[in-house]
Amino acid sequence: MAHNAKYDLTVLRRHGLDVTGPIDDTLLMAWLLDPSSRSLGLKALANDLLDWPMTELSELIGSGRKQITIDQVPIAQVGAYCGADVDVTLHLFDLLAPRLAAAGLLSLYHEIERPLLPILTDMEMAGVLLDSTFLGEMSVTFTKRLAEIDAELVSVVGHPFNLRSTQQLSQVLFDEMKLPTRGLKKTASGHYSTAADVLDGLAAAGDELNTSQQRGLMLILEHRQLEKLRGTYIDALPQLVNPDTGRIHTSFSQTGAVTGRLSSSNPNLQNIPIRTEIGREIRRAIVAPPGWTLISADYSQVELRVLAHIAHEELLIEAFANDQDIHAVTASKLFGVPLETVTKQQRGLGKTINFATIYGVSAFGLSSRTELTQQQAKQFLDQYFQTYPRIRDYIEVTLQQARELGYVQTLLGRKRFFPELKSRALPVNQRMAVERAAINAPIQGTAADIMKIAMIRLHQALIDGGFQTRMLLQVHDELVLEAPPDELEPVTNVIRTTMESAYVLDAPLKVDVEVGPNWRDLESL
DNA sequence: CCATCTGGCCAC
DNA sequence: AAACGTGGCCAGATGG
């Protein structure tokens, strides 16, 4: 039972023991009241919110251990605990429900978060099928290449050293190999950073480097990438296959993100590589069972659509209504050229600025992620806000609300509190960072709300339709399902329709559905 | 030995 | 590295 604590909980539940329900229920309520509260743990519930009866389990929790997994508790004790906590749950519910009602959060609890809970349990229990053999072969290839890099680096540097140690690496690069440190910042612990973008920058300004310095940088960057992929995914995932089910069972945390998003752990299946070709290979290992098909359904540009809706920005709404390429539209307005003549570079800049808006823009941030100087970035931003004036209004109104009320809200009423904006005087950098979070929270949070509604309705639609097709993963704007062959055509229609109608936005929701034998080789439908 | 922090980096 | 939001995991370093 030592492989996956959350999965063991679901096994207990299958045997009729309601283990997670009462606890997760109250956890959800406390989280909705303040998503950024750090005192959501069982111990906090026990000590701060009520007089938790000192069962053996809570004694164990109170014994000072910071982490506890259910497989350390004999089943008999868990059973006793379950018997004991019914009264406690009622007590907690009675305590928290009026608070939720007063905060206007009760419908969010009853209509979204609570119904979602058993669906997440279903998804965790379902798990995903992993092709461990494929990853094993990948591991061999990676290990060989890593050894080659290692050997060549030893000859370049002149002695062996631990590449994984940033301290040793910093010493090798900047003390021994004498790479230029001009303009480089030191990390908190005092040595020069060896982050990939720093090394990229050094390599790009390559004129003053000799060939062995250049070669060294390239080898280190390649080593980093391969190490990361091997350590985090290729070698880690097969170890997490549950011997009973033969599948991987992630844990979804419903209270893990302050914006209302889910998070995933043990393993995190929300950060499987996709952006580089070599990383993307790993997705071939997430497979459908023989004869079945994997379905990926993802919301297209959901956060920009949410922004267009919340801000009532007509130009954006219209572009989405006409199903136009939104980044190209932005670029065409920014550069004052017809849509058809927008170049790749121009579209790229449009994309960067569209994204930057969602995260809370600044000229500095924009210039650091583009070729633009800070001056040029400022001009582009002015032009952007002239094009989309209601977005500027949205930012202003949101910040004003955060300052006056101390919180911001999603379309469905989810709140995130910013007491520091209401009361405290902050250093300007910190204040601006908090303000960016406040600008982003309603957008990211509304997208999360919409996805949760879609999951609840889709779960029901799959039951109503008598489908065997089941939801396996959620990756913020994407759902991954597996379907038997005869259901594929009807069920993809159900998925698309359900997701697109989950919430009516002025900029209508759009879903791209893809199918295939694994998570890499998908074809659009 | 375990827990926590740090630097780095994967995703949306 | 970064004055662009939200997460989790890895290995190394550090401390009880």
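Lettering of chains follows the sequences in order, A, B, ..., and the numbering in each one begins at 1.
- As rounded to whole Å, 13 Å separates atom C1' of dG7(C) from atom CZ of F252(A).
- In this structure, T357(A) reaches neither bases nor backbone, as no heavy-atom distance under 4.0 Å exists between it and the strands shown.
- In this entry the distance linking CG of L237(A) with P of dA11(B) reads 14 Å, nearest Å.
- Side-chain N/O atoms of R275(A) and base N/O atoms of dC10(B) include no donor-acceptor pair closer than 3.5 Å.
- One atom, OH of Y299(A), and another, P of dA11(B), lie 23 Å apart when rounded to the nearest Å.
- Among the protein residues, R416(A) comes within range of the sugar-phosphate backbone only, with heavy atoms under 4.0 Å from sugar or phosphate atoms but none that close to a base.
- A salt bridge links R414(A) to E113(A): one of the charged nitrogens lies within less than 4.0 Å of a carboxylate oxygen.
- Going from atom CD of E500(A) over to atom CZ of R496(A) covers 6.0 Å, rounded to the nearest 0.5 Å.
- Looking at heavy-atom distances under 4.0 Å, V475(A) makes contact with sugar-phosphate atoms alone, never a base.
- Among the atoms of the strands shown, none is found under 4.0 Å from any heavy atom of I443(A).
- Taking the nucleotide of DNA chain C with the nearest heavy atom to each of G256(A) and Q374(A), the more 5' of the two is matched to Q374(A).
- Backbone-only engagement by Q167(A) is indicated by non-hydrogen atom pairs under 4.0 Å involving sugar-phosphate atoms exclusively.
- Atom CZ in F364(A) sits about 6 Å away from atom C1' in dA3(C), given to the nearest Å.
- Ring geometry for H309(A) versus Y503(A): interplanar angle over 60°, hence perpendicular rather than tilted (30 to 60°).
- Across all strands shown, D197(A) has heavy atoms under 4.0 Å from base atoms, whether or not it also approaches the sugar-phosphate.
- Contact annotation for L262(A): no contact, since no heavy-atom pair falls under 4.0 Å across all strands.
- Applying the 6.0 Å contact sphere to NZ of K333(A) captures no more than 12 heavy atoms from other residues, nucleotides or ligands.
- For R164(A), the side-chain atoms get nearest to dA11(C) when compared with the rest of dC4(C), dA11(C), dG8(C).
- Ranking dG5(C), dG8(C), dC9(B) by closeness to the R261(A) side chain, first place goes to dG5(C).
- The separation between R224(A) atom CZ and dG12(C) atom C1' is 12 Å, rounded to whole Å.
- Distance from the side chain of H476(A) is smallest to dC12(B) among dG8(C), dC12(B), dG12(C).
- Distance check, rounded to the nearest 0.5 Å: CZ of R230(A) to CD1 of I282(A) gives 12.0 Å.
- Of the two residues contacting DNA chain C, namely T187(A) and G360(A), the nearest-nucleotide position lying further toward the 5' end is that of T187(A).
- N429(A) comes within 4.0 angstrom of a nucleotide base, judged by non-hydrogen atoms across all strands.
- Here N162(A) does not reach the OP1 or OP2 of dA11(C): none of its side-chain N or O atoms lies under 4.0 Å away.
- Using a 4.0 Å heavy-atom distance criterion, V258(A) is classed as a sugar-phosphate-only contact.
- The distance from atom CD of E222(A) to atom P of dC9(B) is 14 Å, rounded to the nearest whole Å.
- Using a 4.0 Å heavy-atom distance criterion, A356(A) is classed as a base contact.
- In summary, the aromatic rings of Y384(A) and F380(A) are positioned with their centroids too far apart to meet the 6.0 Å limit.
- Within 4.0 Å of Q270(A), counting heavy atoms only, lie sugar-phosphate atoms of the nucleic acid but no base atom.
- Computed from coordinates, the L304(A) CG to dC4(C) C1' distance equals 14 Å when rounded to whole Å.
- Considering CG of D477(A) and CD of Q444(A), their distance stands at 11.0 Å, rounded to 0.5 Å.
- Rounding to whole angstrom units, CG of residue L479(A) and P of dC12(B) are separated by 14 Å.
- When heavy atoms are screened at a 4.0 angstrom cut-off, A363(A) is found touching no nucleic acid atom at all.
- Regarding contacts with the backbone of dA13(C), a side-chain N or O of S165(A) is found under 4.0 angstrom from either OP1 or OP2.
- Listed candidates were dC10(B), dG7(B), dA11(B). Nearest to the side chain of T166(A) is dG7(B).
- Residue-level contact check: N271(A) touches the bases, meaning some heavy atom is under 4.0 Å from a base atom.
- Across dC12(B), dA3(C), dC10(B), the shortest atom-to-atom separation from the side chain of R436(A) is found for dA3(C).
- For A437(A), whose side chain is taken as the heavy atoms from C-beta onward, the closest listed nucleotide among dG8(C), dT6(C), dA11(B) is dT6(C).
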